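As structure tokens, the structure follows; a few thoughts come after it.
Numbering of ligands and ligand atoms starts at 1, following listing order. Not measured: the values here are computed from a predicted model.
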Amino acid sequence: MTRILGIETSCDETSAAVIDGAGDEVTMQSLVILSQDVHRIFGGVVPEIASRQHLTAIVPVVTRALTESGATLDTIDAVAVTHAPGLVGALLVGVSFAKAIAFGRGVPCLGVHHMEGHLFGTALEHRDAVPPFTALLVSGGHTMLVDVPEWGRYALLGRTRDDAAGEAFDKVAKLLGLPYPGGPHVERLAATGDPSRLRFARPMLRRDQRPGDADYYDFSFSGLKTAVLNAVHAAAPDDHPHIARAFHEAIVETLVEKTARAVEQHGRRRVVLGGGVAGNRTLVGAMRQRMQRLGAEVFAPSARIATDNAAMIARAGLFHFERGARSPLDLNAFATLPLPGLVDA
Ligand code: KG4
Ligand code: ZN
């Protein structure tokens, strides 16, 4: 059995977690997430402020995660830390802290790709959310459709060409005068809207697309955002729920249909959702309904595990630790980095 301390500071959550286990038998012993509230005033994350708040929070957050798990720095086998992608200044706080622990205690440090963390996160809550599966990763910074034949081998089928799904939710929230982060607010407002009032085109989704077409799996959400902007300008505030509803239906149908294409083409029986937008119950419900027709089971994380957390980083770190991976102590942070383990579809 291996015990991993995970650390995540890529954006506006300072998080630490302890997990232990072997292979896919993993137990989460503790998870502490401290969300930085201050960014709400600015309507988005201010990188410099995020870094400073991580510096203030990292020691107490890691200490609390260790205490809650009953572990100490002497009883962990490795430290896993998000080193990319994300805000470099924010990432560096976690990376520097993890390397200091690793050096001080003589344990290995493992740099983890944030999106690979999201791929593993759902398995913390659902023991069958393991490969082979089709994954839809929808976060504030990324939108990826990935075929996963086994852990560590990822065929990137599609990605967004402009805004990420979560980013689209956040921008639409702003247009509708809702607080940041906007996803949950848009979801709630949409539920009160009348779906027959307004309809937006499904972005980059057409029946005549064929596998092999560049846009068969790719996403694009900036046009949808503009459609919302135009609708807001043309409408009265009373219409906001209907606009939210129309936006919500367009984005959900697009995500669901592109995932269905991947499931069909690759013959997968499992769909794993990850990233903050996977906490959207309407999306999960629509995905379940659609996948039932294809005979595939859908695994979705709770809102806590869908959004950024260190347990998913520890879980991905455990996989790499067991494969013998070790990061050197000059491990660096990167704003962008391709997913590791990319293979052809
Ligand atoms: O994965 P995450 O915590 O951070 C990134 O890696 O970016 O995702 C955050 C994103 C935000 O854009 C937020 O608005 C969105 O996830 N989000 C949601 C919901 N909850 C969070 N979007 C739609 N519906 C939700 N219920
Ligand atoms: Zn994330």
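Residue His114 has at least one nitrogen or oxygen atom sitting less than 3.5 Å from a nitrogen or oxygen atom of ligand 1, judged on distance alone. Between Gly166 and ligand 1, at least one N/O pair is under 3.5 Å apart.
The option with the heavy atom closest to atom 14 (O) of ligand 1, from among Asp170, Ile33, Val277, is Asp170. Heavy-atom proximity to atom 21 (C) of ligand 1, evaluated over Pro85, Gly121, Gly276, is greatest for Gly276. Of the listed options Ala190, Ala306, Gly140, Ala165, Gly140 places a heavy atom closest to atom 10 (C) of ligand 1.
Residue contacts with ligand 1: His142 is excluded, as none of its non-hydrogen atoms falls under 4.0 Å. For the ligand labelled ligand 1, residue Cys11 lies outside the 4.0 Å heavy-atom shell. Residue His118 places a heavy atom under 4.0 Å from ligand 1.
At a cut-off of 2.8 Å, Cys11 does not coordinate the Zn ion (ligand 2) through any N, O or S atom. With a cut-off of 2.8 Å, the Zn ion (ligand 2) has no N, O or S atom of His142 in range.
The aromatic rings of His114 and His118 stand perpendicular to each other, their planes meeting at an angle above 60°, with 30° marking the opposite boundary. Between Phe247 and Phe169, the ring planes are perpendicular. Angles over 60° get that label, and only those under 30° would be called parallel.
Between Asp194 and Arg197 there is no salt bridge, since no side-chain nitrogen of the basic residue lies less than 4.0 Å from a carboxylate oxygen of the acidic one. Ion pairing between Glu253 and Arg202 holds under the 4.0 Å rule for side-chain N and carboxylate O.
Between His54 and the options Leu87, Thr9, Ile7, Asp12, a side chain to side chain contact (heavy atoms under 4.5 Å, CB included) holds for only Thr9.
Taking the ring axis of Tyr216 as reference, the NZ or CZ atom of Arg261 stays within 45° of it and closer than 6.0 Å to the ring centre. Geometrically, Arg159 does not engage Tyr217 in a cation-pi contact, judged by NZ or CZ lying under 6.0 Å from the ring centre and within 45° of the ring axis.
Interface atoms of ligand 1 facing Gly141, defined by a heavy-atom separation under 4.0 Å, are 7 (O).
Contact of the Phe334 side chain with the Val88 side chain is not registered, since no non-hydrogen atoms from C-beta on lie closer than 4.5 Å.
Nearest non-hydrogen protein atom to atom 26 (N) of ligand 1 is Glu187 OE1, 3.0 Å. The nearest protein atom to atom 3 (O) of ligand 1, hydrogens excluded, is given as Asp308 N, 3.0 Å; this is a heavy-atom distance.
The Zn ion (ligand 2) sits nearest to atom OD1 when only the N, O or S atoms of Asp308 are considered.
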